[in-house]
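What follows is one structure encoded as structure tokens, with my remarks underneath.
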Amino acid sequence: MKVSELQPSDVIRYMRLDEEGEEELPLYLDAAVHYVSSALGLPVSADGIEDCLDNHPDITIAVLALCGDMYDNRSVYVDGAVMNRTVETVLAMYNANIG
């Protein structure tokens, strides 16, 4: 399965969740795809471009795993110097204060 083909129902099956009450899963899926695309500097899919996320089926597993992490770690807390690793990484990608 390609990254661009992933649907919230795929995330539900991967995480073995009930479909009822999981309205936030499309948000997690969009965020995970955007995160992986930004982190790797690759578009999700593209005509005429050789390297994109869709050309790497194993990246689909990484996107699903990231969705699971986002779901499992929905609360953000700071305990001393420790922050949720996913949140820290996503915010660091956009931090204009890093020089």
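Of the possible donor and acceptor atoms, none in the side chain of S37 sits under 3.5 Å from a partner among the backbone N and O of V33. In this structure, S4 contributes its side chain and V44 its backbone to no donor-acceptor pair below 3.5 Å. Between the side chain of D54 and the backbone N or O of V3, at least one donor-acceptor pair lies under 3.5 Å. Panel note: side chain D72, backbone D69; no donor-acceptor pair is recorded below 3.5 Å.
Grouping the Ile, Leu, Val, Met, Phe, Trp and Tyr side chains by contacts below 4.5 angstrom, directly or via other members, places L27 apart from Y35.
Within the model, atoms CD1 of I61 and CE of M1 stand 9.5 Å from one another, a figure rounded to the nearest 0.5 Å. The CG atom of N55 sits 9.0 Å away from the CG atom of L42 when rounded to the nearest 0.5 Å. The OG atom of S45 sits 9.5 Å away from atom CD of E5, with the distance rounded to the nearest 0.5 Å. From Y28, atom OH reaches atom CG of L64 across 15.0 Å, with rounding to the nearest 0.5 Å.
Using a 4.5 Å heavy-atom threshold, the side chains of V11 and L6 count as separate. Side-chain contact between L29 and V63 is present, with heavy atoms from C-beta onward closer than 4.5 Å. When side chains are defined from C-beta on, H56 counts as touching D51, because their heavy atoms get closer than 4.5 Å.
In this structure I12 satisfies the side chain to side chain contact (heavy atoms under 4.5 Å, CB included) test together with L17, E19, L25, sequence neighbours excluded.
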